[in-house]
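Scroll down for the structure; my scribbles are underneath it.
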Amino acid sequence: MALIKLGKDPKSPDGGSPTIYLDEEIGNYILQGWRVTDANRLAQLDIPGHETVIEFPKRMMQFFPEVSHGR
């Protein structure tokens with residue numbers, strides 16, 4: 001699997017997260033972000049057992065090629 005790092009959150013403390021990757025082989029994005037643990041927020045979602053929910057800031061949208069026009 002060839003993952004390409006598209007961008008890290010420049011405002012993240014310690015520069016460790018969130019991060020957006022592209023899986024070139026499959027064509028899907030892999031998102032690394034903050035785990036959502038707030039029970040009130042989770043109660044509003046229908047999350048299957050094989051999925052998880054993360055949060056990442058809106059400012060990270062710039063790293064998606066569809067938004068940045070491939071830059």
Query raised in the report: Is I4 reachable from M60 through a run of I, L, V, M, F, W or Y residues, each pair having side-chain heavy atoms under 4.5 Å apart?
Result: yes
Query raised in the report: What heavy-atom pair brings S17 and D9 nearest, and what distance separates the two atoms?
Result: O-CB, 3.8 Å
**Report entry** Non-hydrogen atoms of K5 and T19 that approach each other most closely
**Finding:** CG-CG2, 3.8 Å
Query - Minimum-distance pair of heavy atoms, taken over all atoms of F63 and G7 - result: CD2-CA, 3.6 Å
Query raised in the report: Could you give the distance from NZ (K8) to OH (Y21), rounded to the nearest 0.5 Å?
Result: 6.0 Å
Under 3.5 Å, sequence neighbours excluded: what are the donor-acceptor pairs made by side chains of residues 27-37?
unit_1, atom_1, unit_2, atom_2, d
Y29, OH, E66, OE1, 2.5
Y29, OH, E66, OE2, 3.0
Q32, NE2, G16, O, 3.0

**Report entry** Approximate separation, where rounding is to 0.5 Å, of L3 CG and L22 CG
**Finding:** 8.5 Å
Query raised in the report: Taking all non-hydrogen atoms of both residues, which atom of F64 and which atom of I20 are closest, and how far apart?
Result: CE1-CD1, 3.7 Å
